[in-house]
Amino acid sequence: MGKKILSHEFFTRSAVDVAEDLLGKCLIRKIGKKTGVYTITETEAYEGPYDKASHASRGRTARTEVMFGPPGHFYVYLCYGMHWMLNIVTGPIGHPAAVLIRATRSSTVNISIRTRGVLILDGPGKLTKALKIDKGLNALCASPKAGLWFEDRGIKMSKNQIKKTPRIGVSYAGPVWSKKKYRFILKKLPKEELSSFPAG
DNA sequence: ACGATGATGAAC
DNA sequence: TTCATCATCGTA
């Protein structure tokens with residue numbers, strides 16, 4: 001099976017396109033000798049300074065600076081005083097946009113009790129907690145060097161597997177932007193296509 | 001339905 | 001310097 005690291009070009013597009021295309025791609029987390037593979041099942045696009053739901057709509061600040069930088073870098077910030085949100089910057093330099101990674105799914109193999117199951121991380125805060133993602137990754141380039149990156153592992157996607165809905169928790173963005181269907185959900189993923197990570 | 005919990009940005 | 005506001009989650 002091919003394992004292609006998603007690089008610069010993949011993220012140099014509109015956040016909406018990247019958000020949709022990230023479904024079925026894999027998020028890889030390496031800490032020490034342990035490597036986890038997590039298939040992305042839910043994303044949200046925050047597209048540009050005109051998007052009232054985006055932090056970038058209030059201009060260039062210390063926090064949003066990363067969004068104005070190069071694509072393929074992480075934008076990580078604290079939400080509600082306790083949850084880290086993982087975003088990946090998209091579009092060309094100077095265009096503030098990013099995609100929020102909201103949920104993943106991966107197969108698990110627990111050798112000690114000889115069971116096989118599925119690990120579902122179904123919320124942006126749960127995901128970062130499980131993958132030990134925090135401010136330390138902010139502004140870093142997605143890469144093995146950072147210990148966190150994206151890969152295409154050959155999962156085939158078709159449009160009818162994707163559900164589009166308005167984004168979560170953005171009512172403050174006004175009637176137009178809060179209603180945009182910029183949230184992408186992968187409805188189902190065949191078991192054999194689930195990525196796995198080594199136990200122990 | 002609501003409280004936890006702290007950074008952020010805007011107002012004064 | 002103060003204040004309202006959050007791209008959420010777990011418990012009720």
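Because only heavy atoms are used, hydrogens play no part in the values below, and waters and symmetry mates are left out as well, while side chains stay in. Convention: sequence-line order gives letters A, B, ...; per-chain numbering from 1.
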### Query
With a 4.0 Å cut-off on heavy atoms, is Ile168(A) in touch with a base, just the backbone sugar-phosphate, or nothing at all?
sugar-phosphate
### Query
Is there a donor-acceptor pair closer than 3.5 Å between any side-chain N or O of Thr41(A) and the backbone N or O of Ala103(A)?
yes
### Message
Roughly how many Å apart are dT2(C) and dT5(B), using the P atom of each and rounding to a whole number?
### Response
22 Å
### Query
Any side-chain heavy atom of Lys30(A) sitting closer than 4.5 Å to one from Lys34(A)?
no
### Query
Does the Gln161(A) side chain pair with the main chain of Ser158(A), one donor and one acceptor, at a distance under 3.5 Å?
yes
### Query
Among residues 121-128 of chain A, which residues get a heavy atom nearer than 4.0 Å to DNA chain C?
Gly123(A), Pro124(A), Gly125(A), Lys126(A)
### Task
Give a yes or no on whether the backbone of Ser178(A) and the side-chain of Ser171(A) come within a donor-acceptor separation of less than 3.5 Å.
no
### Task
Using modelled atom types only, decide if a donor and an acceptor are shared between the side chain of Arg29(A) and the backbone of Gly147(A) within a distance under 3.5 Å.
yes
### Query
Just by modelled atom types, is the Arg183(A) backbone N or O under 3.5 Å from a matching donor or acceptor in the Glu42(A) side chain?
no
### Task
Would you list the pairs meeting salt bridge (charged side-chain N to carboxylate O under 4.0 Å, His left out) in which at least one residue belongs to residues 53-67 of chain A, sequence neighbours left out?
Arg60(A)-Glu65(A)
### Query
Hey, can you pull the residues of residues 65-73 of chain A with a non-hydrogen atom under 4.0 angstrom from DNA chain B?
none
### Query
Going through the distances and angles, do Ile162(A) and Ile185(A) end up as a side chain to side chain contact (heavy atoms under 4.5 Å, CB included)?
CA-CA 6 Å; Ile162(A) 298 172; Ile185(A) 303 165; over 6 Å; no
### Task
Determine the minimum heavy-atom distance between His8(A) and Thr12(A), stating which atoms define it.
O-OG1, 2.7 Å
### Task
Using side chain to side chain contact (heavy atoms under 4.5 Å, CB included) as the criterion, list what pairs up with Lys129(A), not counting sequence neighbours.
none
### Message
Restricting to non-hydrogen atoms, name the atom on Ala146(A) and the atom on Cys141(A) that form the minimum distance, rounded to 0.1 Å.
### Response
CB-O, 3.5 Å
### Task
Taking ring-ring contact (aromatic ring centres under 6.0 Å, His included) as the test, write out the residues that go with Phe11(A), two or more places apart.
Phe150(A)
### Task
Inspect the contact between Glu44(A) and Arg102(A) and indicate whether a charged nitrogen and a carboxylate oxygen are less than 4.0 angstrom apart.
yes
### Message
Once pairs are restricted to Watson-Crick or G-U wobble with both distances under 3.5 Å, how does DNA chain B read as a dot-bracket string, [ ] for crossings and | for other-strand pairs?
### Response
||||.||||||.
### Query
When the distance from OH of Tyr80(A) to P of dT8(B) is rounded to whole Å, what number comes out?
16 Å
### Task
Could you list by number each residue of residues 81-91 of chain A showing a heavy-atom separation from DNA chain C of less than 4.0 Å, or answer none if no residue does?
His83(A), Met85(A), Asn87(A)
### Query
Among all residues two or more places apart in sequence or in another chain, which pass the side-chain hydrogen bond (donor to acceptor under 3.5 Å, both in side chains) test with Glu47(A)?
His95(A)
### Span of DNA chain C, from the first to the last nucleotide whose atoms fall under 4.0 Å of chain A heavy atoms
dC6(C) to dG10(C)
### Query
What residue pairs, at least two apart or across chains, pass salt bridge (charged side-chain N to carboxylate O under 4.0 Å, His left out) with a residue in residues 167-176 of chain A?
Asp51(A)-Arg167(A)
### Message
Quick one: does any side-chain atom of Lys25(A) pair with a main-chain N or O of Asp21(A) as donor and acceptor, under 3.5 Å?
### Response
yes
### Side chain Thr61(A), main chain Thr64(A), donor-acceptor under 3.5 Å
yes
### Query
Taking DNA chain B as the partner, which of residues 46-63 of chain A come within under 4.0 angstrom of it by heavy atom?
Arg58(A), Thr61(A), Arg63(A)
Contacts table for residues 74-83 of chain A: side-chain donor-acceptor under 3.5 angstrom, sequence neighbours left out:
unit_1, atom_1, unit_2, atom_2, d
Tyr75(A), OH, His55(A), ND1, 2.7

